[in-house]
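Heads up: numbering here begins at 1 and tracks the sequence. Counting convention: from 1, in listed order, for ligands and their atoms alike.
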Amino acid sequence: MNKMGSEPLDQGGIDVTFDVSVERHLKNEVGATQATATPTDWMRATALTAREGLAARWLQTQHDDNAVGARRAYYLSAEFLIGRAMSNALAALNLDKDFASEMKKLKLEPADVLETEPDAALGNGGLGRLAACFLDSLATLGVPSFGYGIRYEFGMFTQRIQDGKQVEMPDNWLANGNPWEFPRRDIHYIVPFGGWVEYVNGRPVWTPSERVMARAYDMVIPGHGTERVSTLRLWKATALEELDLSAHTRGDYARAAETRSKAENISWVLYPDDSTPQGRELRLRQEFFFVTASLQDIVARHIRAYSTLENLHEKAAIQLNDTHPALAVPELMRLLMDEHGLSWEDAWYQTSRIISYTNHTLMPEAIETWPVGIMQYLLPRHLDIIYEINRRFLTMVAARFPGDTALLNRVSLIAEDGEKRVRMGNLSIVASTKVNGVAKLHSDLMVQTIFADFAKIFPDRFTNVTNGVTPRRWLGQCNPGLTKLIGKKLRGQWQIDLDQLAKLKKYANDEAFCAEVAKVKLANKERLAAYIKRETGIVVDPNALFDIQVKRIHEYKRQLLNVLHVIQRYREMIANPNADWQPRVHIFAGKAASAYKMAKLIIRLIHDVARTVNNDPRLKDRLKVVFLPDYRVSVAEKIFPAADISEQISTAGTEASGTGNMKFALNGALTVGTWDGANIEIAENVGLDNIFVFGLRTEEVEKLSQEGYNPRAWYEGNADLKAVLDMIASGYFTPEEPTRYQAIVDTLLGRDQYFLLADFAAYVETHRHVDAAYRDKATWLTKVVHNISGMGMFSSDRTIGEYCKNIWGIKTR
Ligand SMILES: *Cc1c(COP(=O)(O)O)cnc(C)c1O
């Protein structure tokens, strides 16, 4: 047993004082002296100190979990959007104060040192960030658990803006090593691909044509208010032998290198997509690669502990974060049957009690399907198993709903219209214990729309678990001012018992408290204004209303509707420049998938509008438009605490939950939102008086769509809307290229799939109410406090508690 694991874990598990440890790491591992050390050197030395504390806790947690033998939760996700680890680790280890005083001693600004850590951006957006929040809560609640994913060599691309256009740069986050990871040289599994299946004495034998190695790298995720940690095990792909030696000795360096790079390609780069599935073979390889490595690891761990697989389903619960890990279904069946000799019936009994699936989208085109041809070529045994699952399933359905062939076609795991494809959503549902949506509305719509047939077949299988965010990162670490203020009013460790926020309600009309809240908000806006100046050169007034929309750029999220409002406001202001306009700063940030033309065009439009508006002297700086480049977790941490208004304006029925909406409200921003996703539950919790709801409801969108939506009629019927679109179409913002945004105007007047024109008037009107409300400072602050105090239920601790109770059957403390 490691010495640190058996000792009392004082000082985060390090056996000397913090400063001595940091200085020792600086000298021994970083190779710098106090005189020569850069902020990056100090960051690395500090990280190595924290790492020691985490290692001790990791050993203890594994030891405890093995001794207790409780059921473990395994969270399989192709994405984990973690961000920086340092502040979180120092806070969890109670070393944050030591760090602050050490930096003071060295005359360094703590923020300057923390800023040198690269973000771990192994995810695109909300889905990956959710997985990261869940790891934090799993550790904090002490749930025996592992996260499993891919150690992408290159994460989410870095976004640069050149001449108003997005340019993608590779994210070489491992360039200077990763102090938080523990390479586990002893943990590796073979990943087979291709080849053929033969039946020998009636038993299937898969002879793959290709094999790569999956090697484990652990990231330790600390819990808060506990010494427990959780493990994120990420797999890196390598060649089976590091070099193809026979080729190498023959002098065939190129071939040796080729074998190697073909294998390593698998974990090379994250697919930079969001809400659109990637139909490429390499993506399927990635998915199978991390699924099989994770399952082999789970099975090996279980056999080590119990020497049998009979009780695997009592000891393992596997959660599929969307369908990306859906190959876990046939792969677990294969491992249990082909490698461990279970019968089909026994393997299915286990699989269907182990696996559960979280759905993240209602848009049918966004749910993965794979051509049967690619699957046959890459995973022939799995395709056989999927066919057999399908045969048995359809037999059952046909017996229960005789004569309904249309139903059979709809629920089949294989789509037969056009190119035959495997439907990964259907596969996941058929094999799962539970299928959950991520907010109430989304879960309701899921069983009423895309999965209505399955809800009829499996009425007890569907459930809801509303998303949440970790209050440690999204309040405690990102907003120390507000955290300190709340800490004066609430007792004990309220960050691990977020329902306590409700007790702040009684201060909603307390002038002194509200004044403190206002002071904190202003300081956060000053901090963001300085960041905006540094990143974009744009000067903004911290006393203006900060209206913020940050998230992936996507048509359904409707950044374009926001732009239309900005242009309308601009028109009104130049028509009447002497009126008493509420000064505003409209802030945008977000990445567009590299192949998503319309999203990229929207980014460019924001820049062209910003250039025009920001330089128009008639406005006297009362309207500013900012696009902050390279939105990522560490930028988000600066943005949420500084918002007055949170823009959550997706077309009703399209945003499954959202979590950005939660982070904003938790930090005291008021939401301008549609009746969509978790906005609805936020409204219920903060009170309808404290949120600005506008626009068509889901049923109204549906009705309008059925009646035949004609966006042009809305354009003709609203003079302001017409003027705004005409302004874009005339090249007002782009005199050098008047037709630059023709595609945008054509889309809006043609189909307007997301009903921007139908919601425009209500949206503009709502912002008039916002301006009026913002002027009444006392009432506004009351609303702010109601927002903060109503957000207790949106802690991811509550979310994980529900997964444990309603899906995994795991007790929490
Ligand atoms: C929270 C978060 C998201 C998700 O935002 P939504 O508004 O829910 O889409 C995406 N990216 C980052 C960096 C986040 O922190």
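Not counting sequence neighbours, the partners of Asn667 by the side-chain hydrogen bond (donor to acceptor under 3.5 Å, both in side chains) test are Asn479.
Atom 14 (C) of ligand 1 has Lys663 NZ, 3.0 Å as its closest protein atom, hydrogens excluded (heavy atom only). Of the protein's heavy atoms, Gly660 N, 3.7 Å lies nearest to atom 5 (O) of ligand 1. Regarding atom 4 (C) of ligand 1, its nearest protein heavy-atom neighbour is Gly126 CA, 3.5 Å.
Sorted by first and then second residue, the salt bridge (Lys or Arg N to Asp or Glu O under 4.0 Å) pairs with a member in residues 527-538 form an empty list; sequence neighbours excluded.
Just one of Phe664, Tyr631, Phe546 meets the ring-ring contact (aromatic ring centres under 6.0 Å, His included) condition when paired with Phe640; it is Phe664.
For Trp474, the closest heavy-atom approach to ligand 1 falls below 4.0 Å.
Near Tyr631, the atoms of ligand 1 lying under 4.0 angstrom from a non-hydrogen atom of the residue are 11 (N), 12 (C), 13 (C), 14 (C), 15 (O). Close contacts between ligand 1 and Thr659 involve ligand atoms 1 (C), 4 (C), 8 (O) [criterion: under 4.0 Å to a heavy atom]. Of all atoms in ligand 1, numbered sequentially from 1 with element shown, those under 4.0 Å from a heavy atom of Lys551 are 6 (P), 7 (O), 9 (O). Each of the following atoms of ligand 1 lies closer than 4.0 Å to a heavy atom of Gly658: 8 (O). Counting the atoms of ligand 1 from 1 in the order shown, those under 4.0 Å from a heavy atom of Gly125 are 10 (C), 11 (N).
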Evaluate salt bridge (Lys or Arg N to Asp or Glu O under 4.0 Å) for Glu555 paired with Lys557, printing each intermediate quantity in order.
CA-CA 5 Å; Glu555 286 164 283; Lys557 292 176 182 281; over 6 Å; no
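Using a cutoff of 4.0 Å between basic side-chain nitrogens and carboxylate oxygens, Glu115 and Arg84 are scored as salt-bridged.
Looking at Arg552, Lys557, Glu637 and measuring to atom 9 (O) of ligand 1, the nearest heavy atom belongs to Lys557.
The CZ atom of Arg472 sits 4.0 Å away from atom CG of Asp797, with the distance rounded to the nearest 0.5 Å.
Checking Glu168 against Ser594 by side-chain atom types alone, no donor-acceptor pair falls below 3.5 Å.
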